[in-house]
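Notes follow once the structure below has been shown.
Labels below follow one simple rule: chain letters A, B, ... track the order of the sequence lines, proteins then strands, and each chain is numbered from 1. Given the structure is predicted, the values throughout are model-derived calculations rather than measurements.
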2 protein chains.
Amino acid sequence: MAKRVRGSRTGRPIMVLLDLLGRRWVLRIVWELREEPKRFRELQDAIGASPTIVNSRLAELREAKLVELDADTGYRLTPLGKELLRLFLPLHLWADKWAKAI
Amino acid sequence: MAKRVRGSRTGRPIMVLLDLLGRRWVLRIVWELREEPKRFRELQDAIGASPTIVNSRLAELREAKLVELDADTGYRLTPLGKELLRLFLPLHLWADKWAKAI
DNA sequence: GACCGGCGCTACAGAAAATGTAGTAATACG
DNA sequence: CGTATTACTACATTTTCTGTAGCGCCGGTC
């Protein structure tokens, strides 16, 4: 049985997206790039994951056209990535509220 | 070195939240519960994951007070969980746009 | 041209997490 | 009693992640 996108057998965009964002470190990487570009090692240190997995997640994010590598400044969000981030920004505020509630 | 929440050494709410949501199947489970409550097996079939992991993710989500189990109807989002979902709803629309772009 | 430092990235062994399948325990109905 | 449905667990196998070391490339500097 051919497996295509992990965890998504339908191929519906929302499922593909949820699967991508649900991979370890992906949300975190997007979050770390929210303000300015970061170098590979900066990113790795910031999130504290192994270079192996940072690299493979970056590869997935680049393939998804959410992140790109600029030789001069480092990894950064694409316009598409910035759009996605914009949807997530309210999360910051909500997280504080949530932390108080639990 | 004491590790607390996985992937989050700071304990800042946004990091804890990103870590929780970045675990495999978590976003998907919240998404599946967006409309009506679902039984354990319904949920398991809907997302196609093993019962082991469905159970442990549900446990994490229940601990985070985002999901609760109602004996009569099944698993459902708490008020807090519904708030979180509301932040994610635009994602559906955006996912279609994104799918066309890549 | 040999030696640095910074860069993105890879190799690889061991540890941790997820899968797939089977089965348990509780409850309710007949 | 048997059968059905429920949430959930056990466990061996497979996949993924971690931690550490190091490669290859490039632009200085002596």
Hey, does the side chain of [X] come within less than 4.0 Å of [N]'s phosphate (OP1/OP2), counting only N and O?
| X | N | value |
| --- | --- | --- |
| B:Asn55 | D:dA7 | no |
| A:Arg24 | C:dA17 | no |
| A:Arg57 | D:dC17 | yes |

Neighbours of DNA chain D within residues 61-71 of chain A, by heavy-atom distance under 4.0 Å:
none
Between A:Phe88 and A:Leu21, is a side chain to side chain contact (heavy atoms under 4.5 Å, CB included) present by the stated rule, with each step listed?
CA-CA 12 Å; A:Phe88 278 94; A:Leu21 298 180; 3.9 Å; yes
Whole angstrom value for the distance that separates [atom2] of [N] from [atom1] of [X]:
| X | N | atom1 | atom2 | value |
| --- | --- | --- | --- | --- |
| B:Arg23 | D:dT16 | CZ | C1' | 16 Å |
| A:Leu43 | C:dG8 | CG | P | 9 Å |
| A:Ile47 | D:dT18 | CD1 | C1' | 12 Å |
| A:Ile53 | D:dG19 | CD1 | C1' | 13 Å |
| B:Arg39 | C:dA26 | CZ | C1' | 14 Å |
| A:Phe40 | D:dC23 | CZ | P | 17 Å |
| A:Lys38 | C:dG8 | NZ | P | 13 Å |
| B:Asp72 | D:dT5 | CG | P | 18 Å |

To the nearest 0.5 Å, atom CG of B:Leu33 lies from atom NZ of B:Lys38 at 6.5 Å
Of the candidate nucleotides D:dG19, D:dC17, D:dT6, which contains the atom at the shortest distance from the side chain of A:Trp25?
D:dC17
Starting at the 5' end of DNA chain D, which residue's closest nucleotide do you reach first, B:Gly74 or A:Gln44?
B:Gly74
Ring pair (Phe, Tyr, Trp, His ring centres under 6.0 Å) against B:Phe40, all qualifying residues, sequence neighbours excluded
none
Could you list all the side chain to side chain donor-acceptor pair (under 3.5 Å) pairs where at least one residue sits in residues 80-94 of chain A, not counting sequence neighbours?
A:Glu83-B:Trp94, A:Glu83-B:Lys97, A:Trp94-B:Glu83
List the atom pairs, with distances to 0.1 Å, where a side-chain N or O of residues 42-49 of chain A and a protein N or O form a donor-acceptor pair under 3.5 Å, not counting sequence neighbours.
| unit_1 | atom_1 | unit_2 | atom_2 | d |
| --- | --- | --- | --- | --- |
| A:Glu42 | OE1 | A:Arg39 | N | 2.8 |

Pairs flagged by ring-ring contact (aromatic ring centres under 6.0 Å, His included) wherever residues 54-73 of chain B is involved - sequence neighbours left out:
none
Which pairs count as ring-ring contact (aromatic ring centres under 6.0 Å, His included) when at least one residue sits in residues 50-70 of chain B, sequence neighbours excluded?
none
Does B:Thr52 or B:Arg41 map to a spot on DNA chain C nearer the 5' end, using the closest nucleotide for each?
B:Thr52
